[in-house]
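Just so it is clear, the model here is predicted, and its values are computed rather than measured. Computed over heavy atoms, backbone and side chain alike; hydrogens, waters and symmetry mates excluded. Chain letters run A, B, ... following the sequence lines, proteins first, then strands; residues in each count from 1.
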Amino acid sequence: MPIQCSSCAKNRAVLRRPKTGHSLCKHCFFWAFEEEIHQTIVSARLFNRGETVGIGASGGKDSTVLAYVLKVLNERYDYGLKLLLLSVDEGITGYRNDSLETVRRNQQQYDLPLTIVSYEELYGWTMDAIVKQVGLRNNCTFCGVFRRQALDRGAMMLNVDKICTGHNADDVAETVIMNVLRGDIARLHRCTVISTASDGEGAIPRCKPLKYAYEKEIVLYAYFKKLDYFSTECVYSPNAYRGHARTFIKDLEAVRPSAIMDIIHSGENLSVKEGVKMPVQGTCSRCGYISSQSLCKSCVLLEGLNRGLPKLGIGKHHRLHDKILAQQALTEKEQNKLKAIEF
Amino acid sequence: MCQVDEEYASSLEQKSLPAVSKKCMKCKEGTAVLIIRVGDAFCRGCFKEYFIHKFRAMLGKNRVIFPGEKVLLAVSGGLTSSCMLAQVQEGLSRDAPKKLRFMPGIIYIDEGGVCGQNAEKREKAVAQLECIFKKTGFPYHIVPLEQVFTLPESVLEPVGRREQPSSSASYKAAVDQHIRSEVTRGQGEPAVEESQDALGRLHLQASAYKPEHKLALEELFSSLKTLTAKQDMLHTLRQHLILHTARINGYSKVMTGDSCTRLAIKLLTNVSLGRGAALAADTAFSDSRYGDVVMVRPMRDYSSKEIGFYNRLFEVQSVFIPGLDTKTADKASIQRLTESFVVKLQADFPSTVSTVYRTGEKLNTACPPQSSRTEAAAKCLLCLCALDTRAEDATAFNATLMSEQLSRCTLEEKGQSDAGCCRGQNQACGDDGCCSTSRVPVAPDLKSLLCYSCRLTVKDMTALDSLPPYITSEAEKRQRRAAMKTEIGEFLLEDEGADEE
C-alpha cells in the first residue's frame with residue numbers, strides 16, 4: 001500500500017525526510033525545504049533589500065542547490081537581491097575545469113551572471129603547480145587558504161555586499177567535531193555562527209543559508225528537481241583527518257538522525273571561559289587582508305612557494321614572520337626544516 | 001606478575017624504541033618497567049610516586065575538599081573508580097607525607113537489573129565488591145538501581161549552594177583549624193568511631209529491592225527504544241541516586257572515577273547528544289549544579305592506560321561488571337560509537353585524548369549556571385542543568401521545530417506558521433486561565449521542563465508513565481507552579497534577580 005504524504009495527506013509520498021523521518025510527496029518536500037531556508041534567511045536577517053549577493057559556486061551539489069533556491073526565494077518573497085555567481089578556478093586538471101563547465105551551464109539555466117577568478121591570476125600558481133612542489137600531503141592547506149581569499153578578492157572586484165556559501169548542516173557539524181579534536185577553541189567558537197560580522201574591516205560578510213539543511217536532503221532536492229551538478233572527488237587526495245570526522249558524523253546520523261542538528265545545537269551553546277587567549281583580528285601587513293598575525297596565512301604560504309620552502313606555512317612558524325617581512329634570507333638550518341619531504 | 005610486566009616493557013623497547021635506555025628516566029637507577037609517554041620510561045618506584053603525587057596535586061590544586069568534610073566515593077568496580085579508592089586509601093594512610101584530611105564513604109549502584117544480570121550474578125558482584133570495601137574500613141552504601149522508585153521528589157528540587165568560603169586564604173584557615181582541633185581531640189580516634197558507627201548503619205542501607213520495583217525498572221528501560229536513550233537515562237537515574245544517598249548521609253562532596261580518556265569520550269558524546277550547554281559542568285573538575293552536593297573528578301588527569309598499568313603493577317583489585325553497552329556493536333549507540341571513534345583515533349594520533357580534554361578545559365557554559373535563587377523551572381527536570389531551549393531566532397533548535405512542523409501540518413496552515421513555531425508549549429496554560437492545583441494534568445507535558453538533550457532521550461520513550469514517581473510528581477508540581485504564575489502574572493512586579501526568595 002502506498003504511503004500518504006504526511007503534510008498534504010493527498011498525494012503519495014515519494015521520500016522519507018532524513019531530517020525528521022516524515023514521509024512526504026515531492027511537492028511538499030520542495031515546499032518544506034525551500035521554506036526552511038527562507039525561515040533561516042529571515043530569522044537570521046542574512047540579507048537586506050537592494051544588496052548584491054555573490055554565491056560561491058563550485059558546481060557541486062551544495063552550491064548548485066543554493067543558487068537555485070536563492071533565485072527561487074528571491075522571486076517568491078521579493079527579497080530585492082541582485083544575485084551573482086562567483087567561482088574560483090584552482091587550476092586542477094581533471095577536476096575543476098570539469099566542474100566549472102557545470103557552473104557555466106548553471107549560469108545559463110538560472111540566468112545569473114558568473115565571474116571566475118583563478119589562482120593563477122591572483123597568486124601566479126595553479127594547484128597543479130603547487131602539488132608538484134609540495135606533494136600530496138598538506139596541499140589542501142594551500143587550496144583552502146587560497147580559496148577563501150580568492151573568493152573575497154573576487155567579491156571585492158564585483159563590489160558585492162555579501163557572499164554566501166553552500167555549507168550545509170553536515171559540514172557545520174563536522175567542523176564542530178574537527179575543532180574539538182584539534183582543540184581549536186577560537187574556531188570552535190566561530191564555526192557555528194551563521195554569518196560573519198559585517199563590521200570587520202577589509203572582509204566581506206559571509207553567510208551559510210544552508211546551515212540547517214541536511215546534506216542528504218540537498219541531494220534529494222537536486223535529484224527530484226533534476227538539477228545539473230558535478231560530483232567527483234578532488235583528484236588530490238582528500239584530507240585524511242577530516243575524513244575520520246566525516247565518517248563519524250555519518251555514523252552518528254545513522255544511529256540518531258537528529259545528531260547533526262544536535263551537534264550544531266551544542267556548538268551554538270558553547271562559550272569560551274574568560275581568560276582563554278583568543279586571537280585578535282588584525283590585518284596582514286603585506287596584502288591588507290584580515291589576519292591574526294602580522295602576515296596572513298596566504299602570504300606566508302605564497303612566500304614559502306616562491307622561496308621553494310613549501311613547509312613555511314604548514315605548522316606554526318610565527319617566529320619567522322619578521323624575517324619574511326624584512327625580505328631576509330633564512331638560515332641553512334631553518335631552510336632544511338621547511339623543504340618538502342619526499343616520500 | 002611483575003615479571004610479566006617487565007618482559008612486556010622490554011619487548012616494547014626492543015621493537016619500537018631501541019634507543020630508549022632501560023633505565024628509569026627519573027631516578028636514572030632503577031630498571032624501567034613501563035613507558036607512559038614516548039620516551040618516558042619509569043621504574044616501579046618512580047611510577048608509583050608520580051602516580052600518587054598526581055592525585056594529591058589534583059586535590060591540592062583545586063582546593064574544594066575541606067578538611068573533615070564527608071566525601072562519598074562513587075565506585076562502580078571498574079578500573080578507574082577502583083584506582084581512585086586505592087588512592088584515597090593511600091592518601092589517608094598514617095605514613096602518607098601529606099595526609100588527606102577528609103572522611104570518605106563509598107557508594108556502589110547496583111545496575112544489574114537493567115544490564116540483564118540475574119539475581120545470582122548480582123549478588124556475586126555485590127559480594128566481591130563488599131569484600132573490597134570492607135578491607136578499606138570506610139563506611140559503604142550498596143544501592144540497587146531499583147531504589148529510584150522510592151526516591152522523594154525533593155531530589156530534583158534545586159538547592160541553594162552551601163555557603164562555603166572559597167578563597168585560598170579561608171581554605172588555609174580551615175586546614176589550620178582542623179589540625180588544631182585534631183590535636184586537642186587526640187588524633188585519629190574520631191574517624192575510627194565514625195566509621196564503625198557507619199558500618200553498623202550499613203545493613204539498613206543495603207536493603208534489597210522490592211520485586212515490583214524490579215518490574216517497574218524493567219518496564220522503564222524497555223520503553224526506551226534506543227540504547228542511546230537507555231544509557232542516557234541510566235546515567236541520569238544513577239546521578240539522582242548518588243545525590244540522594246549523599247544528602248541523607250551528610251556527604252557534601254561526591255568523587256567520581258572519570259579518567260582523562262573517559263572525559264574526552266564524554267565530551268565528544270555530549271557534543272553529539274546536544275548537551276553543548278552543559279559541557280563544562282559535565283567534564284570539569286568540580287560540578288556544582290546540585291547546589292549542596294558537589295561532584296568532583298579527581299582522576300581526570302590520568303589516562304586509562306596509566307590507570308591500567310598502576311592497577312596491574314600494584315595489584316589494585318577491580319571487579320568486572322557488564323554494563324548496558326557490554327558486547328554491543330560499535331554503532332549500537334551514540335555513546336558507544338563515540339567511544340570507539342576516540343579509541344581508534346587515539347591509536348593513530350596519540351594526542352587525540354589530551355587535545356579533546358584540553359578543549360573542554362577552555363569551555364564555559366553559554367548560559368551560566370544560574371544562582372540558587374533562580375526558579376526550579378529554569379533548570380532541566382532530569383539533568384538539573386540550566387535550560388538551553390529558549391526559542392530564539394535562527395538556532396538549530398528552532399530550525400528543527402520548524403522542520404517538524406513543516407513536514408506535518410497541512411498546506412493551508414503553513415501560511416500562518418511563519419511567525420513563530422514554538423508557541424505550542426505555552427498555549428496549554430495560556431488559553432484557559434484557571435489551571436489550579438486541584439486540576440492535575442493526566443500526562444504532564446514533560447518536554448517543556450527538559451533541556452534540549454533530555455528531550456531527545458524522552459522522545460525515544462514509548463511510555464512516559466513508566467518514569468519513576470518522583471520525576472512525574474515533580475514535573476506536575478513545576479507545571480502547577482508555572483500555571484499559577486501565569487495566572488497571577490499581571491500582578492507580579494518584574495524585578496530581575498531579587499524577586500525570588
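- Proximity to chain A (any heavy atom under 4.5 Å) is shown, for B:Leu456, by both the backbone and the side chain.
- When B:Ala264, B:Ser403, B:Ala399 are compared by the number of non-hydrogen pairs under 4.5 Å with chain A, B:Ser403 comes out ahead.
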Start with the C-alpha distance between B:Thr400 and A:Ser258, add both sets of side-chain angles, then the distance that settles side chain to side chain contact (heavy atoms under 4.5 Å, CB included), and finish with yes or no.
CA-CA 9 Å; B:Thr400 312; A:Ser258 71; 5.8 Å; no
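- The main-chain N or O of B:Ser407 is found under 3.5 Å from a side-chain atom of A:Ser6 such that the two form a donor-acceptor pair.
- Distance check: A:His189 NE2 to B:Lys362 NZ gives 13.5 Å after rounding to the nearest 0.5 Å.
- Side-chain atoms of A:Asp262 and B:Leu273, non-hydrogen and from C-beta on, never get closer than 4.5 Å to each other.
- In terms of heavy-atom pairs under 4.5 Å with chain A, the best-connected choice from B:Thr226, B:Leu267, B:Thr338 is B:Thr338.
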Going through the checks in order, is the side chain to side chain contact (heavy atoms under 4.5 Å, CB included) test met by B:Ser272 and A:Phe248?
CA-CA 10 Å; B:Ser272 314; A:Phe248 179 55; 4.1 Å; yes
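- Summarising the geometry, atom CD1 belonging to B:Ile334 is positioned 5.0 Å from atom CZ belonging to A:Arg256; distances are rounded to the nearest 0.5 Å.
- With rounding to the nearest 0.5 Å, the separation of CZ in A:Arg182 from CZ in B:Phe349 is 12.5 Å.
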Take A:His265 and B:Asp388 through the test side chain to side chain contact (heavy atoms under 4.5 Å, CB included) and record every step on the way to the result.
CA-CA 9 Å; A:His265 175 82; B:Asp388 55 349; 2.9 Å; yes
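- Of the two parts of B:Asn270, only the backbone, made up of N, CA, C and O, holds a non-hydrogen atom closer than 4.5 Å to a non-hydrogen atom of chain A.
- Atom OG of residue B:Ser453 and atom CG of residue A:Asn269 lie 11.5 Å apart, to the nearest 0.5 angstrom.
- In terms of heavy-atom pairs under 4.5 angstrom with chain B, the leader among A:Thr192, A:Leu181, A:Leu24 is A:Leu181.
- Within 6.0 Å of CZ in A:Arg16 there are 12 or fewer heavy atoms belonging to other residues, nucleotides or ligands.
- In A:Arg12, the CZ atom is not crowded: 12 or fewer heavy atoms of neighbouring residues, nucleotides or ligands sit closer than 6.0 Å.
- Shown here is A:Lys225, whose NZ atom has more than 12 heavy atoms of other residues, nucleotides or ligands within 6.0 Å.
- Neither the backbone nor the side chain of A:Ile260 comes within contact range of chain B; no heavy atoms are under 4.5 Å apart.
- B:Glu404 and A:His22 make their closest contact through O-CE1, 4.1 Å (heavy atoms, listed as atom of the first residue, atom of the second, distance).
- Proximity to chain A (any heavy atom under 4.5 Å) is shown, for B:Leu337, by both the backbone and the side chain.
- Atom OG1 of B:Thr355 and atom CG of A:Asp184 lie 11.5 Å apart (nearest 0.5 Å).
- Between the side chain of A:Ser266 and the main chain of B:Arg275, a donor-acceptor pair closer than 3.5 Å is present.
- No donor-acceptor pair under 3.5 Å is formed between the side chain of A:Glu35 and the backbone N or O of B:Leu406.
- Put simply, OH on A:Tyr241 and OG1 on B:Thr352 are 4.0 Å apart, with the number rounded to the nearest 0.5 Å.
- B:Leu345 touches chain A through its side chain: at least one heavy atom from C-beta onward sits under 4.5 Å away, while N, CA, C and O do not.
- Chain B forms more heavy-atom pairs under 4.5 Å with one residue of A:Thr20, A:Val42, A:Val180 than with any other, namely A:Val180.
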